[in-house]
Amino acid sequence: MTGTPPGRLRADAAHNRRALLDAAAATFAEQGMDASIAQIAARAGVGKGTVFRHFATKSQLVAAILCDRLNEFTAAGAALLDAADPESALLEFMTTGVQMQARDRCFCEAGTGIAHSDPEVRAGSNRLLETAEALTDRARRQGTVRADITGEDVLLLSRAAYETAAPMGEGAPDLWRRYLHVIFDGLRPEAARPLPHPAPTSAQFTAVMDESATSSEASALRSEHNSAGRRDVS
């Protein structure tokens with residue numbers, strides 16, 4: 001009796017994993033991280049057991065999705081490193097980051113939370129930070145952003161543009177563009193004054209991510225526990 005070749009099994013498993021990630025990403029993007037595994041399984045057309053065979057916990061699933069998003073953001077930034085105009089490249093990079101947050105609630109909610117204890121997510125975050133710093137350095141050397149602006153500043157300010165407009169998101173979904181340009185004008189050296197506090201260091205940036213991760217992971221575990229309790233009752 002001839003079985004399925006191992007290579008085919010591996011290909012099928014990779015295909016199923018990708019399909020689950022796509023279904024989960026779409027569900028989390030629409031509903032946020034409170035979306036249930038049951039909703040994701042239904043969207044993927046599989047049972048919940050299949051989800052857990054690929055991802056032992058909801059946290060692992062979120063981490064895998066966040067890795068995808070970080071890689072996407074980093075690739076977009078890397079493609080801008082040879083752009084002729086460093087100022088425009090930095091603005092485009094920041095615009096990409098805010099757009100990703102605006103369209104994907106999971107990326108926004110998990111970006112400083114649940115998955116930063118995951119080593120692959122940490123590595124992806126470091127690559128993103130390196131890319132942000134490289135783009136910022138090009139603009140600094142061009143003289144189009146002030147000399148004391150860092151890659152950490154750029155990532156944090158990109159999030160600030162989204163968060164500022166978020167309360168108006170449904171009625172004015174593109175309002176973040178206004179605040180991003182207000183922020184970007186503040187990066188320019190014209191009429192710049194010394195800032196009252198230094199930029200966060202890479203170590204401080206990582207420590208804040210880790211602290212947020214611990215808090216968010218505990219919240220996610222409570223959510224999983226409560227979901228399990230509801231399933232038991234039903």
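Here, residue 1 is the first one in the sequence, and each next residue gets the next number. Computed from a prediction, not measured in an experiment: that's the story for all the values here.
Nearest heavy atom pair, residue Arg43 against residue Ala23, reads CD-O, 3.7 Å. Scanning both residues, Pro189 and Thr144, for their nearest heavy atoms gives CD-O, 3.4 Å. Of all heavy-atom pairs spanning Ala64 and Phe55, the tightest one is CB-CE2, 3.8 Å. Closest heavy-atom contact between Arg140 and Ile149: NH1-O, 2.6 Å. Nearest heavy atom pair, residue Thr164 against residue Ala160, reads OG1-O, 2.7 Å.
Residues Ser125 and Arg122 have side chains that never bring a donor and an acceptor to within less than 3.5 angstrom of each other. Thr74 and Asn71 form no side-chain donor-acceptor contact under 3.5 Å, judged by distance and modelled atom types alone.
Asn126 places no side-chain N or O within donor-acceptor distance of the main-chain N or O of Ala123, the cut-off being under 3.5 Å. Remark: the backbone N or O of Ala35 is paired with a side-chain donor or acceptor of Lys58 at under 3.5 angstrom. Counting only distance, with no hydrogens or angles, the side chain of Thr50 and the backbone of Val46 share no donor-acceptor pair below 3.5 Å. A donor-acceptor pair is defined here as one N or O able to donate and one able to accept, closer than 3.5 Å; no such pair exists between the side chain of Glu30 and the backbone of Thr27. In terms of modelled atom types and a separation under 3.5 Å, the side chain of Arg146 and the main chain of Arg193 share a donor-acceptor contact.
One distance of note links CZ of Arg159 with CD of Gln101; it measures 5.5 Å at 0.5 Å rounding. Taken to the nearest 0.5 Å, the CD atom of Gln99 stands 8.5 Å off from the CG atom of Asp174. One finds the CG atom of Asp148 at 13.0 Å from the NE2 atom of His197 (value rounded to the nearest 0.5 Å). Distance check, rounded to the nearest 0.5 Å: CG of Leu135 to CD of Glu130 gives 12.0 Å. Rounding to the nearest 0.5 angstrom, the gap separating the CG atom in Asp118 from the OG atom in Ser59 is 9.5 Å.
Using a 4.5 Å cut-off on side-chain heavy atoms (C-beta onward), Phe52 and Gln60 make no contact. The shortest side-chain heavy-atom distance between Leu61 and Ile37 falls under the 4.5 Å cut-off. A heavy-atom distance below 4.5 Å is not found between the side chains of Leu155 and Met94. By the 4.5 Å heavy-atom criterion applied to side chains, Trp176 and Glu163 are not counted as neighbours. Within the 4.5 Å cutoff, the side chain of Ile65 has heavy atoms near those of the Phe28 side chain. Side-chain contact check for Ser158 versus Thr95: every heavy-atom pair is 4.5 Å or farther apart.
Arg18 has a carboxylate O that lies under 4.0 Å from a charged side-chain N of Asp68, or vice versa, which qualifies the two as a salt bridge. The pair Glu72-Arg103 meets the salt-bridge criterion, since a charged nitrogen lies less than 4.0 angstrom from a carboxylate oxygen.
No more than 12 heavy atoms of other residues, nucleotides or ligands sit less than 6.0 Å from atom CZ of Arg178.
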Step-by-step side-chain contact (heavy atoms from CB on, under 4.5 Å) determination, Val154 to Leu90: CA-CA 9 Å; Val154 162; Leu90 183 61; 4.1 Å; yes
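Leu156 and Leu187 end up in the same hydrophobic cluster when Ile, Leu, Val, Met, Phe, Trp and Tyr side chains are linked at under 4.5 Å. Residues Tyr162 and Ile183 are members of one and the same hydrophobic cluster, defined by side-chain heavy-atom contacts under 4.5 angstrom among Ile, Leu, Val, Met, Phe, Trp and Tyr.
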What side-chain donor-acceptor pairs closer than 3.5 Å can you find for residues 76-88, not counting sequence neighbours?
from	atom 1	to	atom 2	distance (Å)
Asp85	OD1	Glu87	N	3.1
Asp85	OD1	Gln142	NE2	3.2
Asp85	OD2	Ser88	OG	2.8
Glu87	OE2	Arg188	NH1	2.0

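Side-chain rings of Phe93 and Phe73 approach one another, their centers coming within less than 6.0 Å.
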